[in-house]
Amino acid sequence: MVRITLKDGSQREYPRGTTILQMVEDISGKLARKSLVARFNERLVDLGTPVNEDGRLEILTFDDEEGQEVYRHTSTHIMAQAVKRLFPDTGLAIGPPIEKGFYYDFDSSHTFTPDDFAQIEREMQRIIESDYPVVRREISREEALKLFREKGEPYKVELIEALPEGETISIYQQGEFIDLCAGPHLPSTGRVKAFKLMSLAGAYWRGDERNKMLQRIYGTSFPQKALLDDYLYKVEEAKKRDHRRLGKELDLFVVLDEGPGFPFFLPKGMIIRNELERFWREEHARAGYQEIRTPVILNRGLWERSGHWDHYRENMYFTVIDDEDYAVKPMNCPGGMLVYKQHLHSYRELPLRMAEMGLVHRHEKSGVLHGLMRVRAFTQDDAHIFMLPSQITDEIKGVIDLVNKFYALFGFSYHVELSTKPEKAMGSDEIWEKATAALQQALEEKGMNYKINEGDGAFYGPKIDFHLRDSLDRTWQCGTIQLDFQMPELFDLTYVGEDGERHRPVMIHRVIYGSIERFIGILTEHFGGAFPTWLAPVQVRIIPITERQHDYARTLEERFRAAGVRVEADLRSEKVGYKIRDGQMQRIPYLLVVGDKEVEAGTVAVRKRREGDLGPRPVEEFLAHITSEIASRAIN
RNA sequence: GCCGGCGUGGCUCAGUGGUAGAGCAGUCGAUUCGUAAUCGACAGGUCGUCAGUUCGAAUCUGACCGUCGGCUCCA
């Protein structure tokens, strides 16, 4: 007998060799139907695994992250099986589960198009209805190589060859289909209930652009049709919050054919932008920053000195002035270095925090441009902090605090990554380790959760990145803190120390918004265009019911404007319902309906975005309310 | 840059080889209305660009440009 301890602490005994599935059926029929995979003694295993030792058993369902992964993993095997049946000469690369579904990379003489989806889905349905058991088998390396060579699966052979010595090699079989796979999997193909193929993409083998491009098919699956429908509905809803769509609908910004990757900001978008900058200037002054502005075009010698000429050239734009080479700045730092060098600095001045709303241009590959999120010209809310080595940790912690303060104001949640030395880097390993350790220490002391992103640092130093999510849950890097020992060296920056000698300062590059453009993109999606009142391009719209109230509306408009409120009166010859609808669609925070009653009483009927009609309020009262809401930069 | 999809009035889209359409938005007129679309009229497009096939191309073919989803790369 084996003794099994369940999650709730209860214990049961079963004959040696009883499978987990048999145990679950014994425990609860309901749980058995929902069970997808199990964790036995902290290892994920198939439900069909026979148990030969005592241990802790946990049954996982679709409510568990691992349960979802296994569900999608089996789903992608089903897709691969269907594709193999329909297009037998297709080679299999890899097919993992991902956050909201799964994909499989194929190498096929057939070029897949979305028109193939229906056919593949039909075949998948057949495989599901056949309810093939999914059977695990562990085999030797030689056996595995032989099997996949015979099957003509070169990618699988390459994967096996890359597996470390002594690694267990397992294969999973369902019907005629066999795949190299660590597992675990669902017990049978019939467990997959609702699925849909979503999209198609090219993807390089092993993620390396020097390798062959494979064809990737994305799909998703759920244990119930209703969950799938719900997911698809949410995706559609999220698309309505797309900043490119809202930017157009709300007249905020636009990217035109005449300037791919070079966004235009329209009057309403400029209001948001200027409000963000105003807030930024207030907070930076408070945090002890000075503001500078450096030129957009600077000569070749500067970029050679900074290392950009050698390390960043493919992303830069160039021009020639009076037969001399110049470059359009892709970063603000070299200009900032020159500003520092305008004076001899004392240790007493440090840390010196110099901020710059710097417009940079970078040549991005055409395929990566994306609305405001990924553009070729953007404004970084940059700052360079020059400091003593002893000030590093405190300064980094100060920047982290500032980032937290900004993001909290907008109600963002975000995740943090620490990026280490890339292949193409300047400076010794020792310096990199020192810099990386300093960043790590600051994160630890702040108690921040973070993940390490190997080899993803800037060429001059490691960095802490802050990532925000867009409406479709894609993440974008916004804030970043980069520690740099290189630039001070290259530009021979010095300060005079207590000892009267010259010393080398250390530098931080940092941004909070990241790029104003990207940040506005994220903001637009985050709020679905319904910006908090302090950011809203139009804060109040006055809606007279008939022409009789036009004078009153105009008086109110003037009064609000004088109080610093962004207001407009809708004097069009339309019915209230029409004007309300229009105001709501423009996401205006407050619509003030004024009819004869309001004129009589000197009130406004307040309609608040989301909350609807709040009834009449004295003008004074409303004005006091909205001005304080704006001044406090409240999120509502 | 690479793979696949898409490109028709300002916007959303219909139109698969035979004289370019609708709704919304716009303009003009009527309407003066109490919380998400009042009615009518008018105006607006060399169908992304350039080649090619054809008696004839929005429609078929190719290249290029842009865009969307990914990959690689990045704020």
Side-chain angles (χ1 to χ4, degrees), chain A residues 103 105 111-116 198-218 239 242 244-245 248-249 251 254-261 312 314-315 330-331 358 360 362-382 419 422 456 458 463 465-468 472 474 476-480 482 509 511-519 521-522 543-550 572-585 591-598 605-608 612-616:
Chain A
Y103 68 78
D105 285 346
T111 302
F112 294 103
T113 76
D115 293 336
D116 296 321
M198 303 294 290
S199 64
L200 214 47
Y204 300 106
W205 166 237
R206 306 202 134 183
D208 189 329
E209 67 180 331
R210 288 166 301 198
N211 288 339
K212 180 164 187 183
M213 182 160 270
L214 306 172
Q215 301 185 68
R216 175 173 297 180
I217 302 180
Y218 285 93
K239 284 182 186 161
D242 189 311
R244 292 165 297 191
R245 177 181 176 143
K248 217 178 279 180
E249 283 175 10
D251 277 321
V254 63
V255 186
L256 301 171
D257 289 358
E258 287 81 352
Y312 210 71
E314 64 278 15
N315 284 303
M331 295 186 195
V360 299
R362 297 183 184 174
H363 179 71
E364 299 290 349
K365 292 177 181 174
S366 59
V368 306
L369 301 177
H370 184 93
L372 287 188
M373 303 295 199
R374 189 77 182 270
V375 293
R376 286 177 170 155
F378 56 100
T379 304
Q380 292 183 305
D381 62 318
D382 218 340
S419 297
D456 215 30
K463 55 181 188 168
D465 296 327
F466 298 79
H467 295 253
L468 298 174
L472 287 175
R474 293 174 291 212
W476 298 90
Q477 183 186 318
C478 290
T480 173
Q482 310 179 349
H509 310 242
V511 290
I512 308 287
Y513 291 137
S515 98
I516 305 287
E517 289 76 6
R518 177 176 289 181
F519 198 81
I522 296 274
I543 299 179
I545 293 173
T546 75
E547 267 171 36
R548 288 195 300 280
Q549 300 90 29
H550 279 196
R572 291 176 297 179
S573 164
E574 295 287 351
K575 304 211 287 199
V576 217
Y578 178 89
K579 295 184 188 180
I580 296 280
R581 178 182 154 80
D582 190 61
Q584 287 283 128
M585 289 201 308
L591 302 177
L592 304 182
V593 178
V594 293
D596 290 336
K597 280 184 275 179
E598 284 73 20
V606 179
R607 186 188 169 100
K608 192 168 180 182
D613 191 357
L614 300 182

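Letters A, B, ... mirror the listed sequences (proteins, then strands); counts begin at 1.
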According to side-chain contact (heavy atoms from CB on, under 4.5 Å), who are the partners of [X], at least two apart in sequence or on a separate chain?
X        : result
A:Ile580 : A:Ile543, A:Val576, A:Gln584, A:Leu591, A:Val593, A:Arg607
A:Asp242 : A:Arg244, A:Arg245, A:Glu525
A:Lys248 : none
A:His363 : A:Tyr317, A:Arg376

Suppose we define a pair by two distances each less than 3.5 Å, Watson-Crick or G-U wobble; what does [N] pair with here?
N     : value
B:A22 : B:U12
B:C47 : none
B:G17 : none
B:G69 : B:C3
B:A36 : none

Interface polar pairs with nucleotides 7-14 of chain B, N/O, under 3.5 angstrom:
none

Give [X] one of three labels, base, sugar-phosphate or nothing, depending on what nucleic acid heavy atoms sit under 4.0 Å from its own.
X        : result
A:Arg362 : base
A:Asp208 : nothing
A:Tyr218 : sugar-phosphate
A:Glu598 : base
A:Met373 : base
A:Gly595 : base
A:Arg376 : nothing

N/O contacts under 3.5 Å, protein versus nucleotides 44-48 of chain B?
none

Any residue meeting side-chain hydrogen bond (donor to acceptor under 3.5 Å, both in side chains) with [X], in chain and number order, not counting sequence neighbours:
X        : result
A:Glu598 : none
A:Asp596 : A:Arg548, A:Gln549
A:Arg206 : none

Nearest whole Å is fine: how far is B:C73 P from A:His370 NE2?
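My rounded result for the distance is 18 Å.
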
Where protein sits on nucleotides 23-30 of chain B, one letter per nucleotide: B base, S sugar-phosphate only, - none, heavy atoms under 4.0 Å
--S-----

Tell me whether the side-chain N/O atoms of [X] come closer than 4.0 Å to OP1 or OP2 in [N].
X        : N     : result
A:Lys579 : B:G34 : no
A:Gln584 : B:A36 : no
A:His363 : B:G1  : no
A:Arg374 : B:C73 : no

Who are the salt bridge (Lys or Arg N to Asp or Glu O under 4.0 Å) partners of A:Glu574, not counting sequence neighbours?
none

With 3.5 Å as the limit, what N/O pairs link the protein to nucleotides 2-4 of chain B?
unit_1 : atom_1 : unit_2   : atom_2 : d
B:C3   : O2     : A:Gly202 : N      : 3.0

The side chain of A:Glu364 is closest to which nucleotide in this list: B:C74, B:U32, B:A37?
B:C74

Look at the side chain of A:Pro260 and decide which nucleotide, out of B:U67, B:G69, B:U72, has an atom nearest to it.
B:U67

